[in-house]
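Chain identifiers are assigned alphabetically (A, B, ...) following the order of the sequence lines, protein sequences preceding nucleic acid strands; residue numbering begins at 1 within each chain. Keep in mind the model is a prediction, meaning the values are calculated, not measured.
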Amino acid sequence: MSDTQFGRYGGQYVPEALMPALEELEDAYERYVLGNEDGFLDEFRERIRDFGGRPTPLGRADRLSDRYGREVYLKREDLLHGGAHKLNNALGQVLLAKYMGKERIIAETGAGQHGTATAMAAAHLGMPCEIYMGRTDVNRQRPNVFRMRINGAEVNPVDIGRGTLKEAISETMRDWSRTVEDSHYVIGSVVGPSPFPRMVRDFQAIISEEAREQIRERTGGLPDSVVACAGGGSNTMGMFHEFVPDADVSLYAVEAGGSSLEVDEDTGVAPNSASLSTGAEGVLHGARTRLLQDSDGQIMESHSVSAGLDYAGVGPELAYLVDEGRVTPVNVDDDAALEAFHRLSTQEGIIPALETAHAFAYLEGAAAELGEVVIVNVSGRGDKDLETVIEETETRGIEAAPEMSVFDGGLR
Amino acid sequence: MSGSPPRGGPTDGLAAAFADGPAFVPYLVAGDPDYEGSLQYVEALARGGADVIELGLPFSEPIAEGPTIQSAIVRSLEAGMGPERFFTFVEALDVDVPLVCMTYYNLLYQYGTEEGPRPFVERAAEAGIAGFVVPDLPAEEAGPLRAACDEFGLDLIFIVAPTTRGERLARTHELISGYVYVQARLGTTGAREEVSDRTESSLERIADWEVPKAVGFGIKTGEHAARIVRAGADGIIVGSALVDVVAEGVEEGRPTAETAATLEERARELKRGALHGASEPEAEQP
Ligand SMILES: Cc1ncc(COP(=O)(O)O)c(C=O)c1O
């Protein structure tokens with residue numbers, strides 16, 4: 001296996017014009033990130049503390065612990081600046097771009113959390129920034145569009161296809177192939193061509209470095225299981241990485257089951273984003289990984305109520321760890337995620353992102369498998385999702401939801 | 001291949017296409033805007049003087065394409081184009097120039113039951129395809145496809161970008177056959193008003209390569225074609241400017257025959273431009 005791969009997955013399936021940039025990035029990653037050249041890592045650690053607010057706490061969820069009859073701990077990435085784990089990677093990559101002498105930052109975003117984190121990091125470090133975001137996502141994650149604009153980033157809506165994360169990544173790659181000499185593409189998850197999956201994982205691994213120490217301080221030992229949602233899988237790999245060698249710690253990656261696991265070949269739609277659970281091996285966005293695709297190899301349109309999980313691919317390292325049996329892929333549907341959203345909000349006083357809510361929905365169905373001590377990664381907070389949640393909750397008649405008659409004349 | 005003589009060994013075919021002066025290499029998306037119309041359009045390009053034709057097999061995530069070809073890909077996919085139908089399309093074409101299949105790796109990779117690109121290459125060879133251009137497959141990942149192409153006698157064309165230098169050039173050179181696709185400018189495909197000034201330096205970097213050098217990305221007019229040939233190219237590749245003709249035909253609701261005639265005429269102009277560039281190396285520069 002070459003060092004661009006994780007077992008059979010990974011690699012560098014990109015246009016030739018981008019290959020020199022990947023070589024340059026590989027070199028910078030090795031020197032600055034792995035080698036701490038020019039004190040890069042020291043500066044990163046300092047900034048992620050002073051600007052980002054690390055370390056984030058690990059707290060016990062009292063009501064959930066009672067409800068499931070086990071110790072449930074929450075790793076609070078929702079408390080990181082920007083409201084999600086995304087800043088760990090965005091700040092790392094924007095800083096790296098600066099060390100590399102790049103002059104412009106581009107990024108894709110799905111839920112807008114990565115775009116927001118990138119816009120913040122770029123403003124913080126004084127770099128111009130352009131974000132690509134699918135039209136559907138622009139409409140369903142408006143608060144984050146405001147935040148990006150207010151931080152001074154350009155936001156370019158992408159009208160192709162269903163207008164979600166897949167199209168946004170493709171369009172950012174197109175921008176990059178035009179501007180590669182002076183721009184750095186801050187990819188938002190552990191996806192894309194090598195070295196992105198490894199590098200993004202390394203920036204996110206700070207989550208599990210902290211959590212592993214914190215749980216030992218709290219309980220004197222390691223957890224029995226660790227649960228995180230998985231879109232591309234950056235909060236997932238960040239939360240898992242330091243636990244991967246701990247063979248007794250079970251790792252659960254919770255994917256979006258959407259409305260159904262059945263696919264419709266004729267329309268090219270998979271009404272879910274469960275690429276680890278149901279996908280097949282293929283090549284998308286620079287990497288060989290597990291994908292939602294039809295029998296010809298055309299990529300399917302995915303679906304999830306959560307924009308950040310709504311993606312037909314997944315990081316190659318996660319695909320590898322699933323094949324190796326180290327990570328267990330599971331999934332929960334839209335309704336279960338919405339119920340979990342309300343449950344965490346009312347019972348723990350934490351409004352989670354819809355992406356994060358998927359991890360909690362898994363707890364509800366399968367707590368018994370998880371052992372005595374469980375850590376769930378609270379990958380982000382849900383302010384961005386309030387509009388979607390209130391609408392979806394109403395149309396679906398979700399049980400755990402509060403009623404909203406407080407608005408004069410109802411919601412609309 | 002109804003009605004046309006069987007092609008010679010594919011490698012001979014592609015090399016031969018560049019043998020008598022500058023080659024004109026047009027590109028269209030197969031099946032754009034529909035199967036029948038597209039057959040006529042490709043045949044019109046052959047009548048207009050094409051020496052090689054690049055046929056796009058549409059993939060749902062064409063990351064190397066600009067808006068013009070993306071839209072063509074959507075039209076073709078919506079009209080039902082796919083790998084199997086593509087091979088039928090190639091077999092139905094009545095042209096006697098070599099055909100190159102341009103597509104993305106996942107479609108090659110998924111075809112057939114055996115793992116890897118071999119079944120696709122085998123079927124393509126049977127249909128009469130002479131070679132491949134795969135924009136998301138750099139030399140690093142191309143080992144299995146190169147092996148399958150060798151097995152079935154097909155060429156594997158690589159793109160050399162303005163950013164390709166040093167060791168990367170050597171790595172690509174080792175695997176290439178047929179011709180080299182010199183990307184005239186950074187970015188995605190799309191017709192432009194100006195010829196990129198990076199073309200010459202790109203051609204210089206590969207001056208000692210034995211394969212013919214075809215330049216593409218942004219070429220629109222006969223005048224562009226002439227300038228590129230004067231800069232040292234052995235051929236010109238024109239995609240978006242021709243796909244634009246198909247798109248216009250769709251938008252204006254023109255009869256297929258009319259669009260085909262426009263394509264044939266446009267092909268003549270481009271071929272003439274290329275020939276002109278070859279015959280007047282010191283021609284008037286503005
Ligand atoms: C809060 C939150 N969690 C999770 C994700 C999913 O991304 P990943 O799987 O890379 O962690 C997102 C993506 O936008 C997100 O905003």
message = Heavy-atom cut-off 4.5 Å, strictly under: side chain, backbone, both or neither for B/P62 against chain A?
response =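 Both the backbone and the side chain of B/P62 come within 4.5 Å of chain A.
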
query = What part of B/L77 is in contact with chain A, defined as an atom under 4.5 angstrom from a non-hydrogen atom: side chain, backbone, both or neither?
reply =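 Just its side chain gets close to chain A.
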
task = Could you pull out all residues at least two apart from A/Y32 that satisfy side-chain hydrogen bond (donor to acceptor under 3.5 Å, both in side chains)?
result =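 Result, side-chain hydrogen bond (donor to acceptor under 3.5 Å, both in side chains) vs A/Y32: none returned.
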
ask   = Taking all atoms of both residues into account, what is the closest heavy-atom pair of A/A17 and B/A161, and its distance?
value =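 Looks like CA-CB, 3.5 Å.
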
key: Side-chain touch A/P15/B/I63, heavy atoms, less than 4.5 angstrom   =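 Yes; the side chains approach each other to less than 4.5 Å.
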
Toward chain B, the part of A/L291 with a non-hydrogen atom under 4.5 Å =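 A/L291 touches chain B through side-chain heavy atoms alone.
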
If the cut-off is 3.5 angstrom, what donor-acceptor pairs do you find between chain A and chain B?
from: A/R8; atom 1: NH2; to: B/E115; atom 2: OE1; distance (Å): 3.1
from: A/R8; atom 1: NH2; to: B/E115; atom 2: OE2; distance (Å): 3.1
from: A/Q12; atom 1: N; to: B/E141; atom 2: OE2; distance (Å): 2.7
from: A/Y13; atom 1: OH; to: B/E141; atom 2: OE1; distance (Å): 3.4
from: A/V14; atom 1: N; to: B/D136; atom 2: O; distance (Å): 3.4
from: A/E16; atom 1: OE1; to: B/R168; atom 2: NH2; distance (Å): 2.8
from: A/E16; atom 1: OE2; to: B/T164; atom 2: OG1; distance (Å): 2.9
from: A/E16; atom 1: OE2; to: B/R168; atom 2: NE; distance (Å): 3.0
from: A/A17; atom 1: O; to: B/T163; atom 2: OG1; distance (Å): 3.0
from: A/E23; atom 1: OE2; to: B/R168; atom 2: NH1; distance (Å): 3.2
from: A/E23; atom 1: OE2; to: B/R171; atom 2: NH1; distance (Å): 3.4
from: A/K166; atom 1: NZ; to: B/E61; atom 2: OE2; distance (Å): 2.5
from: A/S170; atom 1: OG; to: B/E61; atom 2: OE1; distance (Å): 2.9
from: A/R174; atom 1: NE; to: B/P62; atom 2: O; distance (Å): 3.3
from: A/R174; atom 1: NE; to: B/E65; atom 2: O; distance (Å): 2.9
from: A/R174; atom 1: NH2; to: B/P62; atom 2: O; distance (Å): 2.8
from: A/S177; atom 1: O; to: B/G187; atom 2: N; distance (Å): 2.8
from: A/E181; atom 1: OE1; to: B/R198; atom 2: NH1; distance (Å): 3.1
from: A/E181; atom 1: OE2; to: B/R198; atom 2: NH2; distance (Å): 2.9
from: A/E281; atom 1: O; to: B/Q110; atom 2: NE2; distance (Å): 2.8
from: A/E281; atom 1: OE2; to: B/Y109; atom 2: OH; distance (Å): 2.6
from: A/V283; atom 1: N; to: B/N106; atom 2: OD1; distance (Å): 2.9
from: A/R288; atom 1: NH1; to: B/Y109; atom 2: OH; distance (Å): 2.9
from: A/Q293; atom 1: OE1; to: B/N106; atom 2: ND2; distance (Å): 2.8
from: A/Q293; atom 1: OE1; to: B/Q110; atom 2: NE2; distance (Å): 3.2
from: A/G297; atom 1: O; to: B/N106; atom 2: ND2; distance (Å): 2.8
from: A/Q298; atom 1: OE1; to: B/S60; atom 2: N; distance (Å): 2.9
from: A/Q298; atom 1: NE2; to: B/P58; atom 2: O; distance (Å): 3.0
from: A/I299; atom 1: N; to: B/S60; atom 2: OG; distance (Å): 2.8

